[in-house]
Amino acid sequence: MLNPQQLAAVEHCDTPLLVLAGAGSGKTSVITQKIAYLIQRKKLAASKIAAITFTNKAAREMRERVGKLISAEDAAALTVSTFHALGLKFLQIEHERAGLRRGFSVLDADDSGGIVKELAPKGVKNDVLFNLRNLLSRAKNSGLSPEEAMAAARSPREIEAATIYDLYQQRLAAFNAVDFDDLIRLPLRILESDAECRDAWRERLRYLLVDEYQDTNDAQYRLLRALSGERGRITCVGDDDQSIYAWRGANPENIDQLGRDWPNLRVIKLEQNYRCGKRILRAANKLIANNPHLHEKKLWSEHPEGMPIRVLECKEAEHEAEKVASIATTLAEKHKARWDEMAILYRGNFQARPLEKALRLARVPYHLTGALSFLDREEVKDVLCYLRLLTNPSDDAAFLRVVNKPKREIGATTLEKLGQFAQSHHTSLLDVTRSDSALRQLSPRPAAALAGFSSLIDELRSASLHESAADLVERILKRTGYAAQIAASTPDASVRERKLGNLKELADWFRAMQKGNNSAGDLASQLALLSHADRDEPGNAVRMMTLHAAKGLEFRFVFIVGCEDGTLPHEGAIDEGRIDEERRLMYVGITRAKELLTLSWSARTKRYGEVHTNQPSRFLHELPQDDLHWQGKDPEADKEVVRETAESHMAKIAAMLAGG
């Protein structure tokens, strides 16, 4: 059942469309229903439609929902993916135009960061390396080539980053590899410069639907424009009030750019909220009204008023954490709420530690979003690098990671000599291991180890031609001795079982992902695109996460902690005048709550060993005060909170005495 605005958005197909979808307004329903409408009513082949979003999790959920509206055959033909997955598909088809050979590798953040470190001046500090990598990434996300980045450089640091960018791309070309940013930049470069390729892809993808459009960066927007053409066969769904990723290149101005590039753009606003109580929604509307808007909108809801928004004044972070844990316990015990219906949101991960301690003491199960991802486990990355090397023998980053895993007595000096030979002969490290003249320059022991490693890779490459990726993972573990080394070198049984279990799970993933004639390298590249959020399976536990990570989620009960000036809004944003984005971040947090919202702040904060006196966040004063209950200002309401808390503590003590 669609409301009139949602229906209008579904049925509008003749000109470009911008759907301004407020928080909780049912935007995913619009996208999925529009896909079905294009196929069933407009008779557009499913293979000609692409729905693009920002996470694999969102893409998977969208595919599942649209699969209930269309035939299985159409669902299989449909493209539902992230920007980066679409870019990977493009490059796998058009690799020659990009100057790549078939089976190229996708480097992860660690690999690309390692290359930048090698190219940077010796002894440079980690914060400078981070800054250089960030500048390089920003240049790519703006669609700039190394030459264009150099021309645009204004500071000595930008000039240094542009110089490294040029060397970095030469290194990637030698490796037959791309990084994540190249998955957008290279398709964009080809589409903007090659009319034949551009026309072919416009025919291949006749209609585009883009979710979370406000999060697009400059290169992603230009990619959409190149694919959709002058007719603008595109529907963009987004919310300028939820644009919170400027720090990683997102450009909210892309919403305005649509109207400039396509003057016939139609704008439809989705203002009915299906998530929040009226009181929470009023607070969100009043807060965000302090930001400038090109397209004004005001969310409304048919839900009940809901409980007053609680504002807790706390002594310090530990006191704040104890209060939050106590209220969470009360909700579970008195109101029979499930733990996974609650979320604790904060501005930065550093705020999690006292919260974890308080929740553990209160016996509250919690899940910390952003903890070490499965794909970041050492043993998983090692096996993925073996697969990368089998698919792409020029992948020097993968070679360096696995040549000594398990240990083969190949030292740093040997690898440095190997690298010098490879560089002077313009070849890969693996190719050097097949060169008798190169191996003769090394000591007999490492030379023999390298020759043995080369033979092993050749054997595994031969097996990869006729084995599934899952079977290949199992062969790698056995033939390399990797699994045996874990078993022999990990005395802690639980750690050993976890590591071996992770490797089994990796094989199971490949088994589930295997479709058609995908090679092991293709599957490894797809797996490399998965983010932390895509693998989060928290179970029945309170969710703890940053406000940035909470976008797109919803909970019955939401706590936003650290609502003091200097934390939210962040001190750096105050100094640099970036209050609008911090306000949008607070707005995102508020609109995650369906029934009860609790905001807390600490009178004192310890930073860098010094105690600072805080003031409540300016955002708290921008909320409608009639909808807030400031603890300490309403004695009767305070009594109710105290009574509920006391009941919770007594129940906890009774359970402990009973041995519960």
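Numbers for residues simply follow the sequence, beginning at 1. Everything numeric in this text was worked out from a predicted model, so none of it was measured.
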[X] side chain near [Y] side chain, heavy-atom distance below 4.5 Å:
{"X": "D458", "Y": "R434", "answer": "yes"}
{"X": "R157", "Y": "V128", "answer": "yes"}
{"X": "M544", "Y": "T369", "answer": "no"}
{"X": "I115", "Y": "L172", "answer": "yes"}
{"X": "R479", "Y": "E459", "answer": "yes"}
{"X": "T480", "Y": "L460", "answer": "yes"}
{"X": "F83", "Y": "L183", "answer": "no"}
{"X": "K551", "Y": "D215", "answer": "yes"}

Would you compute the distance between atom [atom1] of [X] and atom [atom2] of [Y] and round it to the nearest 0.5 angstrom?
{"X": "N131", "Y": "E158", "atom1": "CG", "atom2": "CD", "value": "9.0 Å"}
{"X": "K405", "Y": "Q485", "atom1": "NZ", "atom2": "CD", "value": "9.5 Å"}
{"X": "R377", "Y": "L503", "atom1": "CZ", "atom2": "CG", "value": "11.5 Å"}
{"X": "R388", "Y": "D395", "atom1": "CZ", "atom2": "CG", "value": "4.0 Å"}
{"X": "L384", "Y": "S105", "atom1": "CG", "atom2": "OG", "value": "11.0 Å"}
{"X": "L400", "Y": "L430", "atom1": "CG", "atom2": "CG", "value": "11.0 Å"}

Is it true that, when you exclude [X] itself, more than 12 heavy atoms of the residues, nucleotides or ligands shown sit nearer than 6.0 Å to its [atom1]?
{"X": "R498", "atom1": "CZ", "value": "yes"}
{"X": "R353", "atom1": "CZ", "value": "no"}
{"X": "F130", "atom1": "CZ", "value": "no"}

- Task: Could you please spell out the steps behind the side chain to side chain contact (heavy atoms under 4.5 Å, CB included) verdict for L119 and L132?
- Result: CA-CA 11 Å; L119 297 174; L132 289 170; over 6 Å; no
Do the side chain of [X] and the main chain of [Y] share a donor and acceptor less than 3.5 angstrom apart?
{"X": "N540", "Y": "D340", "value": "yes"}
{"X": "R63", "Y": "A75", "value": "yes"}
{"X": "T329", "Y": "A325", "value": "yes"}
{"X": "D179", "Y": "D182", "value": "yes"}
{"X": "H548", "Y": "Y245", "value": "no"}
{"X": "E61", "Y": "A58", "value": "no"}
{"X": "Q220", "Y": "I184", "value": "no"}
{"X": "S428", "Y": "D431", "value": "yes"}
{"X": "R592", "Y": "V588", "value": "yes"}
{"X": "S454", "Y": "L450", "value": "no"}

Under 3.5 Å side-chain donor-acceptor pair for [X] and [Y]:
{"X": "S394", "Y": "N176", "answer": "no"}
{"X": "S435", "Y": "S437", "answer": "yes"}
{"X": "S112", "Y": "R133", "answer": "yes"}

Please report the shortest heavy-atom distance between [X] and [Y], naming the atom on each side.
{"X": "V402", "Y": "D382", "result": "CG1-O, 3.4 Å"}
{"X": "Y482", "Y": "E378", "result": "OH-O, 4.2 Å"}
{"X": "T433", "Y": "L439", "result": "O-CD1, 3.3 Å"}
{"X": "A120", "Y": "I164", "result": "CA-CD1, 4.0 Å"}
{"X": "Y346", "Y": "L355", "result": "CD2-CD1, 3.9 Å"}
{"X": "L107", "Y": "D111", "result": "CB-CB, 3.8 Å"}

- Message: Suppose the criterion is ring pair (Phe, Tyr, Trp, His ring centres under 6.0 Å): which pairs have a residue in residues 425-447, not counting sequence neighbours?
- Response: F421-H425
Salt-bridge test for [X] and [Y]: reply yes if a basic N is under 4.0 Å from a carboxylate O, no otherwise.
{"X": "D127", "Y": "K125", "result": "no"}
{"X": "R401", "Y": "D110", "result": "no"}
{"X": "E582", "Y": "R347", "result": "yes"}

- Item | Ring centres under 6.0 angstrom apart (F175, F399) | no
- Message: Test side chain to side chain contact (heavy atoms under 4.5 Å, CB included) on R138 and N217; report intermediate values, then the result.
- Response: CA-CA 9 Å; R138 280 181 174 269; N217 60 38; over 6 Å; no
- Could you walk me through whether N141 and D218 pass the side chain to side chain contact (heavy atoms under 4.5 Å, CB included) check? CA-CA 6 Å; N141 286 331; D218 293 342; over 6 Å; no
- Message: Just to verify, what does D471 make a side-chain contact (heavy atoms from CB on, under 4.5 Å) with, not counting sequence neighbours?
- Response: E467, S468, E474, R511
- Task: Apply the side chain to side chain contact (heavy atoms under 4.5 Å, CB included) test between F54 and each candidate in T216, D211, T82; give the one that qualifies.
- Result: T216
- Task: Check step by step if side chain to side chain contact (heavy atoms under 4.5 Å, CB included) holds for L418 and I410.
- Result: CA-CA 11 Å; L418 214 63; I410 300 169; over 6 Å; no
